[in-house]
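Beneath this line is the structure, given in structure tokens, with notes to follow.
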Amino acid sequence: MSDNVKDYSGASIEVLKGLEPVRRRPGMYTDTQNPNHLGMEVIDNSVDEAVAGFANKIDVVLYEDESLEVTDNGRGMPVDLHPEEKIPAIELILTKLHAGGKFNSDSYKFSGGLHGVGVSVVNALSKKLIATVKRGGIVYQITYEGGNKTQELTQIGTCAKKDTGTSVHFWPDEPYFDDPKFNVALLKHLLKAKAVLCEGLTINFEDKIRNTTESWSYSGNLQNYMVSQTEGRTIEPNPPFYGQVKGEDEELEWAVAWELEGSGAHTIGESFVNLIPTVEGGTHVNGFRAGLTDAIKEFCDLQNLLPRNLKITADDVWSHCSYVLSLKMRDPQFAGQTKEKLSSRHIASIVQGIVSDRFSLWLNSNVNTAKIIANTIIEAAKDRESTAKVVERKKTSRGPALPGKLTDCTSSDPSRCELFIVEGDSAGGSARQARDSSYQAILPLRGKILNTWETSASKAMESEEIRAISIAIGVEPDADTLDGLRYDKICILADADCDGLHIGTLLCCLFVKHFTRLVREGHIYVACPPLFRIDAGKYKEYAIDEAELDVKQKQFLRKGIKKDNIKIQRFKGLGEMNPDQLRETTLAPESRRLKKLTLTSDADENTFAIMDLLLSQKRAADRRQWIEDNGDKAEMID
């Protein structure tokens, strides 16, 4: 046994407790560019109180020492003892990463965060934090430094019983941030947006560094906000097309218009989920975009506006579009703790249907204005087609011919193209029917590929399957350049069962080991097909695993659907899905779920050590020992 194996023992396993994981890897929990995200975590908790109807005022103060204080007149953080943990609830909120009042809908119907996950991260990354609570006629205070409690929860005074609320004053710890100062312009923009999105809420901001004060309170709607944001520009419709729909589990509000002058470079696009800004969009924005596109296409067909052979795409509709979109929903799922992108898959089709129906009705009720908008979009489509190099996909002009089993796409723009590496001919056939042939290509594989962890690049290329992958993507193993890359996204698409996971692991191994640059530059993705389909009358959902299945079933029950009326189908493989199901769940950008394969310099050593343990032929004994030590954590799946 090598010295490295001897050194790797039980004593090597480190358990991080309390808030230490946040201080070790702050980038996993917050945006470390500046402390703004810490401020928004605290502000969002106060906003959630306002959304729930318990607060109508939030005061934010930026002090000369770059500390921030957020005070609301909500119910106040609970200070009574937790029945199980036997410590004040406020201590759990401030020190436990997964403790809070928003994991169920009893305290909050719609919330932007998990109360405690965000504030505990703020506590971990602050030199000092003081939390003051007014509740039941008593004023309480607790203090932390570096995440460690320095003052027990103490009664520091009294107040009128009607006076309730929470104040959190924190001093960001400079070493954790690229810039220790708050971006005040961005902070004010977000505070204004919160006031716009929450009717009846007043937000006051005092900047003691610049000796300025501002206040925002709106009784209007997003249409008024869009008018102010597009002031001085030529837009249609003017005022913007506005809509609001309230349901039991979702509330949707939007305002949208098209810029009629310029290239569209000055368009605005803001989206929110439970008043959290989703700067990277997500499934709600995808559904909104698809709904607008459906309605415009239908209107152009009815009015016979399209020139022959010209097709409108979502990009054409989006190119001159300015919008503000606000969604409130139960149990939102975000891509990461910073909540910059919504990943709740089911919401895309809901938003698409709502927006498509209402925008279509508006277009046909306002034909003259609608034609102006449609002609702007048609001109964008003409510009796109005139700048396209070729309609048909360019083939490689040098080197070996593309693999015969590759079903290529037609687009000549590699930055738009996607390749799906699919397990088996059966799934490949479904994927070919489900894809968008303009930019999605399909490469089916036969069975499990070679384990390339301990093979050279030349040996790996002797495998017919690996050679086909290399030629299709236009990059050779261990290449120093990506000049020949033919697809921006290369997606591994395998079954959700154990065999599929094995194939996915072998493909991840291939890319990490021999196409490392592709991984580092963010071109490799793993598709996440669902394992279950849940049906109940007009409702249909998909679940990626048992945990998500349980969540979806509970959502159905909340809608009043009886358990006996819920039907669950378990997919044995991708080949069991019809093309429509595969498109909806795995291929369509507005509803699919993709995970980017990432590899950063500081994670190299740990990543390669894990993969070596799992894949090295020489590590069979270590692997067996690991399985014996961890076998009790496995779950039996029927």
Side-chain angles (χ1 to χ4, degrees), residues 226-227 229-243 254-271 280-281 284-325 348 351-352 355-356 358-393 409-418 436-440 488-489 588-590:
M226 267 288 288
V227 169
Q229 293 296 92
T230 56
E231 187 176 358
R233 304 180 194 175
T234 305
I235 62 169
E236 286 290 354
N238 192 3
F241 169 56
Y242 169 76
W254 71 87
V256 60
W258 279 262
E259 306 267 352
L260 299 189
E261 296 179 354
S263 63
H266 299 295
T267 56
I268 64 168
E270 297 183 53
S271 63
E280 293 186 11
H284 59 317
V285 176
N286 293 338
F288 183 67
R289 170 171 154 156
L292 294 175
T293 304
D294 290 347
I296 284 287
K297 284 182 175 179
E298 182 185 78
F299 178 78
C300 288
D301 288 341
L302 286 173
Q303 298 292 327
N304 198 25
L305 298 177
L306 284 175
R308 188 175 180 180
N309 296 326
L310 182 69
K311 291 185 177 181
I312 289 176
T313 69
D315 288 341
D316 303 326
V317 176
W318 213 235
S319 61
H320 290 73
C321 178
S322 286
Y323 70 92
V324 183
L325 176 68
V351 173
Q352 180 177 351
V355 173
S356 176
R358 283 156 182 79
F359 191 42
S360 182
L361 181 62
W362 184 91
L363 289 171
N364 288 286
S365 301
N366 300 270
V367 175
N368 292 334
T369 304
K371 284 183 177 180
I372 296 173
I373 296 169
N375 286 329
T376 300
I377 293 167
I378 289 170
E379 288 303 313
K382 289 179 180 178
D383 291 342
R384 170 180 52 79
E385 292 222 335
S386 66
T387 56
K389 295 179 181 178
V390 289
V391 175
E392 187 177 354
R393 171 81 164 157
C409 53
T410 59
S411 173
S412 62
D413 181 5
S415 67
R416 184 170 176 255
C417 296
E418 302 175 350
D436 184 329
S437 60
S438 65
Y439 68 96
Q440 291 178 326
D488 181 67
K489 286 186 174 69
E590 63 270 14

With [X] via side chain to side chain donor-acceptor pair (under 3.5 Å) - residues at least two apart:
X      : value
Ser365 : none
Thr376 : none
Asp315 : Arg289

Checklist entry - Quick one: side chain to side chain contact (heavy atoms under 4.5 Å, CB included) partners of Asp436, sequence neighbours excluded? => result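 Partners of Asp436 by the side chain to side chain contact (heavy atoms under 4.5 Å, CB included) criterion, ordered by chain and then number, come out as Ser438, Tyr439, Gln440.
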
Checklist entry - Which residues satisfy the side chain to side chain contact (heavy atoms under 4.5 Å, CB included) test with Ala370, sequence neighbours excluded? => result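 Counting only residues at least two positions away or on another chain, Ala370 forms a side chain to side chain contact (heavy atoms under 4.5 Å, CB included) with Phe299, Leu363.
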
Next on the checklist: Run the side-chain contact (heavy atoms from CB on, under 4.5 Å) test on Phe241 and Tyr323 for me, step by step, so that the C-alpha distance in whole Å, both residues' side-chain angles and the decisive distance to 0.1 Å come before the verdict.
Outcome noted: CA-CA 9 Å; Phe241 169 56; Tyr323 70 92; over 6 Å; no

Next on the checklist: Checking side-chain polar atoms at under 3.5 Å, does Asp316 have a donor or acceptor matched by the opposite partner on Ser319?
Outcome noted: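 Short answer, no.
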
Can you tell me how far [atom2] of [Y] sits from [atom1] of [X], rounded to the nearest 0.5 angstrom?
X      : Y      : atom1 : atom2 : result
Leu306 : Lys382 : CG    : NZ    : 9.5 Å
Leu260 : Glu379 : CG    : CD    : 12.0 Å
Gln352 : Leu292 : CD    : CG    : 10.0 Å
Ile312 : Ile377 : CD1   : CD1   : 6.0 Å

Side chains of [X] and [Y]: closer than 4.5 Å at any heavy-atom pair?
X      : Y      : value
Pro414 : Asp488 : no
Trp318 : Thr313 : no
Met226 : Ile268 : yes

For a quick test of reading the model, state the closest non-hydrogen atom pair linking [X] to [Y] and the distance between them.
X      : Y      : answer
Trp258 : Val317 : NE1-O, 2.9 Å
Cys300 : Ile378 : SG-CD1, 4.4 Å
Asn364 : Ser360 : ND2-O, 2.8 Å
Val256 : Cys321 : CG2-SG, 3.4 Å
Val227 : Pro240 : CG2-CD, 3.6 Å

Item to check | Sequence neighbours excluded, every pair satisfying salt bridge (Lys or Arg N to Asp or Glu O under 4.0 Å) that has a member inside residues 290-300 | outcome: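 Matches after skipping sequence neighbours: none remain.
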
Checklist entry - For Ala257, does its backbone N or O pair with a side-chain atom of Ser322 as donor and acceptor, under 3.5 Å? => result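 Between the backbone of Ala257 and the side chain of Ser322 there is no qualifying donor-acceptor contact (under 3.5 Å).
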
Item to check | Stepwise side-chain contact (heavy atoms from CB on, under 4.5 Å) check, Val324 with Gln229 | outcome: CA-CA 10 Å; Val324 183; Gln229 293 296 92; 5.6 Å; no

Item to check | Pair Trp362 and Tyr242, ring centroids less than 6.0 Å apart | outcome: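 No, ring centres 6.0 Å or more apart.
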
Next on the checklist: Apply side-chain contact (heavy atoms from CB on, under 4.5 Å) to residues Asn238 and Thr230 and explain how you reach the verdict.
Outcome noted: CA-CA 10 Å; Asn238 192 3; Thr230 56; over 6 Å; no

